[in-house]
Structure formats: C-alpha cells, structure tokens
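One structure is given here, and the rest of the page talks about it.
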Amino acid sequence: MKKQMIVAASMVALLLSAASPFTSMSTPVYAAKQANPGEEQMKKLANLDKKVVEAAQQALQKLAGSVKIELQEITGANNECWVISAKDHRGEVLVTKNEGKVVSVSVTFKPGEVPAQLLKTATSTLQSMDSKRAVAFDIVQRNSWEKENGWIFVGRDGKSVTIDAVTEKVKHAQLEYETKNVDPNAPEVDSKKADSAKKALKTLSNGSASELSSRATLYKSPEMHRDQVWGFMDKEANYRIEIGAKTGKVVSVSNTKEISGGNFVFAEDIPTVFAKPFYTKEKAIAAANPMLKKMFNLDLTGYTVTTKSNEYTFTKKGKPTVIALINKKGVFYDYTVAPETGLIN
C-alpha cells in the first residue's frame with residue numbers, strides 16, 4: 001500500500017491510539033477512504049467481480065473460524081483497493097481492485113469466542129504487571145496482513161495485549177494510569193518514577209516543558225527489548241520518557257519535534273532516505289555523546305558503532321548498549337539504553 005492512502009482506522013485501532021502512544025504493535029490498513037470522492041462512484045458489493053467477493057469472503061471466514069461471518073458492503077476505497085465490511089461490524093477485508101488480491105483481513109470477536117488459552121495468556125500477562133488492577137476485555141481482534149499476524153485483546157482504560165498468532169507469545173501488553181487527580185494516599189503511579197520522569201523531561205526539553213501528561217503507561221514489549229517500563233509524555237506530546245519499572249532509571253527518551261514537519265519520513269521511505277550512512281563512527285559518537293552524558297550519565301568513548309538506515313547502535317563489552325535514531329538532518333532525537341544482556345526493566 002502506498003503512503004498516499006488516506007486511512008480510516010478500525011474500532012480497535014481507535015481504541016489503541018486513544019490508549020497510548022507507547023505501543024509497539026503495527027496497525028494494519030483496515031480501511032481506506034477515497035482521496036477524492038468525486039473521482040469514482042462507490043460501488044455496491046453486488047457490482048464487484050464474484051471471484052473477488054468470494055476470495056474476500058473465504059479469507060474472512062478462514063480467520064473467523066467457527067464464528068459465522070458474512071460480507072455486507074463496500075465501506076471504503078482508494079486508487080488501488082476496496083474495503084469490504086462484514087455484517088454487525090464483525091470484520092473488514094482489503095482487496096485490490098484489479099487483481100482481487102486480499103491485502104489484509106480483520107475479524108472482531110467477543111472475548112468468549114476466542115481460544116481459552118489465548119484469553120488466559122492475555123489476562124495473566126496484565127495481572128502479572130499489576131495484580132491490583134481488574135482485567136476484563138471488551139473486544140478481541142484477529143488481524144492478518146503483510147506485517148501483522150496476531151490477536152489484539154482490548155479493554156477499557158487503555159488495557160491491551162497483542163499475541164502472535166503463530167507462536168502464541170505476547171508481543172506487547174499495556175496498562176494505563178492517571179498521574180493527576182487521584183487519591184494522594186493511593187497514587188496510581190509510583191511518585192518516585194513520576195518525579196524521575198519530570199526531571200528527565202525538564203532536562204530533555206531544556207526547561208521548555210516541565211509538566212507531564214495526565215496519563216502514564218505501564219507496558220512490556222519483548223520485541224522492543226522491554227520487560228516492564230513506565231512511559232510518560234509531556235502535555236503537548238512532544239517528548240517521551242521511559243522509566244524502568246524495577247530499576248526506576250531513565251531508559252529511553254525521545255524528542256518527537258525533531259521528526260515533525262519537513263523532517264518527517266514515512267516508514268517505507270526510511271531505507272531509501274538513509275541508504276547512505278549519515279555519520280562515520282567517530283562523528284556518530286561525537287553527535288550522540290552530549291545527550292547521553294546529560295540524560296544517562298553515559299560516555300560512548302571506546303564504543304563500537306553499527307548502522308542500519310537511521311538507527312545507530314553503540315556497543316562496548318561490559319557496558320550498556322545504546323540504540324539511537326537520527327532525523328533527515330542527522331539530529332539524534334531518540335535514545336534507548338539497554339543492558340548488555342537481558343531486557344530493559
């Protein structure tokens with residue numbers, strides 16, 4: 001799918017985006033609206049090639065398993081694809097207009113309709129993160145597309161768990177908390193961790209931002225090498241701070257203002273834009289060192305550097321590993337400090 005597509009998010013995508021900016025899961029393109037509605041009249045399902053409709057129906061039912069699901073209408077389109085939705089908001093299929101190729105499939109389940117072991121895994125994962133929080137899921141979505149094949153369990157108040165459909169292992173889990181207007185005798189977020197985030201925010205923003213958002217996220221993401229981490233942002237969502245749940249130390253910071261406007265690069269364009277390394281080893285260390293010293297009290301002298309597109313990885317035996325990202329101008333805007341072995345915590 002090309003970046004010109006205008007995406008209309010599904011129910012779960014909306015829930016997740018409202019829940020937290022700290023998710024690592026990829027959300028597939030479930031629906032696409034026309035960039036220019038006047039260019040083409042939206043077709044009726046009956047007007048599509050029967051083979052295309054049949055392929056879409058089969059793909060949807062395959063993912064739905066024993067749950068009966070039926071296509072109802074075309075609800076979106078762009079220059080390349082149709083979005084066909086199922087009855088009762090049960091799912092969506094994205095198919096190409098010319099070949100009738102199924103690009104992505106999404107099916108929405110009730111929690112009681114999914115395999116019991118998966119529900120148990122999702123529930124126990126959140127309970128292990130916070131035994132005091134009640135765990136209940138409202139919907140479960142099964143997604144299959146080029147970059148995602150999994151289950152997403154979603155509950156109110158920012159609860160979510162993503163499980164790989166093949167390995168049945170947890171890819172990402174999160175819980176949301178209030179940082180303000182809560183009982184001071186029973187705060188939802190450890191005050192020491194919140195204070196560490198405030199201090200880091202002030203340093204990262206050079207004093208321009210000092211107030212945290214009213215929401216914080218506790219999450220784990222093995223794919224992102226996180227065991228358990230607290231995520232904080234400022235009110236304007238320009239800065240992100242991560243604090244290790246066990247260590248209480250700052251483990252990651254990001255200044256998203258550095259990748260806004262003209263510095264923004266679509267994910268699919270990153271390999272091309274950064275095809276040629278921006279920095280030599282020495283210059284990369286010189287550019288990244290000041291912030292690492294200031295935020296993490298870490299010196300990169302003697303580190304080895306490897307590069308992949310806009311990502312620079314700094315390693316040294318016996319020392320923490322640093323993963324840092326640059327924007328188009330070579331400005332490092334995102335830093336993560338991980339233990340030499342094991343997950344961030």
Side-chain angles (χ1 to χ4, degrees), residues 1 7-17 19 23-32 45-46 48-76 81-96 99-127 135-156 159-174 221-223:
M1 302 307 299
V7 176
S10 67
M11 184 195 314
V12 168
L14 288 172
L15 283 169
L16 291 173
S17 63
T23 61
S24 66
M25 68 191 90
S26 300
T27 305
V29 180
Y30 297 119
L45 188 59
L48 287 189
D49 187 309
K50 290 184 179 180
K51 291 184 178 180
V52 173
V53 177
E54 183 179 351
Q57 176 65 49
Q58 288 179 354
L60 196 65
Q61 191 59 62
K62 181 179 179 181
L63 217 61
S66 61
V67 175
K68 184 64 177 177
I69 193 166
E70 185 178 348
L71 293 175
Q72 183 176 43
E73 62 181 336
I74 296 174
T75 53
C81 296
W82 297 110
V83 179
I84 310 175
S85 295
K87 291 182 178 179
D88 302 319
H89 307 289
R90 276 295 199 163
E92 295 171 341
V93 183
L94 191 66
V95 295
T96 58
E99 302 88 1
K101 179 183 177 182
V102 175
V103 176
S104 70
V105 186
S106 172
V107 176
T108 300
F109 294 88
K110 298 173 184 177
E113 295 173 336
V114 304
Q117 183 57 44
L118 290 176
L119 182 59
K120 181 180 179 181
T121 297
T123 302
S124 62
T125 297
L126 294 187
Q127 288 175 335
V135 177
F137 299 106
D138 298 303
I139 58 174
V140 183
Q141 193 150 14
R142 176 72 170 85
N143 305 316
S144 178
W145 66 303
E146 182 183 1
K147 296 184 179 180
E148 186 74 26
N149 183 18
W151 300 83
I152 305 177
F153 292 74
V154 180
R156 293 180 177 85
K159 300 182 186 75
S160 73
V161 179
T162 301
I163 299 177
D164 185 273
V166 178
T167 65
E168 296 191 354
K169 292 183 178 180
V170 173
K171 297 176 65 178
H172 181 91
Q174 69 177 48
S221 183
E223 285 194 337

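Positions are given from 1 along the sequence. Scope of the values below: all heavy atoms of this structure, side chains included, with no hydrogens, waters or symmetry mates.
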> So V67 and V107, side chain to side chain contact (heavy atoms under 4.5 Å, CB included) or not? Walk me through it.
Replying inline: CA-CA 10 Å; V67 175; V107 176; 6.0 Å; no

> After noting the C-alpha distance and the side-chain angles of K169 and E223, does the key distance pass the salt bridge (charged side-chain N to carboxylate O under 4.0 Å, His left out) rule?
Replying inline: CA-CA 11 Å; K169 292 183 178 180; E223 285 194 337; over 6 Å; no

>> Set out, in order, the CA-CA distance, both residues' side-chain angles and the distance that settles side chain to side chain contact (heavy atoms under 4.5 Å, CB included) for Q72 and R90, then state yes or no.
In response: CA-CA 10 Å; Q72 183 176 43; R90 276 295 199 163; over 6 Å; no

> Should Q127 and S124 be marked as a side chain to side chain donor-acceptor pair (under 3.5 Å) after you check the CA-CA gap, both sets of side-chain angles, and the distance that decides it?
Replying inline: CA-CA 5 Å; Q127 288 175 335; S124 62; 5.9 Å; no

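In summary, R142 and E113 do not engage in a salt bridge, as defined by a charged side-chain N under 4.0 Å from a carboxylate O.
Looking only at distances, no side-chain donor or acceptor of Q58 sits under 3.5 Å from a matching main-chain atom of K62. No donor-acceptor pair closer than 3.5 Å links the side chain of S144 to the backbone N or O of V105. Checked by atom type and distance alone, the side chain of D138 pairs as donor or acceptor with a backbone atom of R156 at under 3.5 Å. Under a 3.5 Å cut-off, the side chain of E73 and the backbone N or O of I84 do not form any donor-acceptor pair.
The CG atom of L126 sits 11.0 Å away from atom OG1 of T121, with the distance rounded to the nearest 0.5 Å. How far CG of L45 is from CD of Q57: 9.5 Å, rounded to the nearest 0.5 Å. For the atom pair CZ of F109 and CD1 of I152, the computed distance is 12.5 Å after rounding to the nearest 0.5 Å. Between W151 atom CH2 and E168 atom CD the span is 9.0 Å, to the nearest 0.5 Å. Within the model, atoms OG of S160 and NE2 of H172 stand 5.0 Å from one another, a figure rounded to the nearest 0.5 Å. Note that OG of S106 and CG of L60 are 8.5 Å apart. Values are rounded to the nearest 0.5 Å.
Between V154 and V140 the shortest side-chain heavy-atom distance does not fall below 4.5 Å. Side-chain contact between V93 and L71 is present, with at least one heavy-atom pair separated by less than 4.5 Å.
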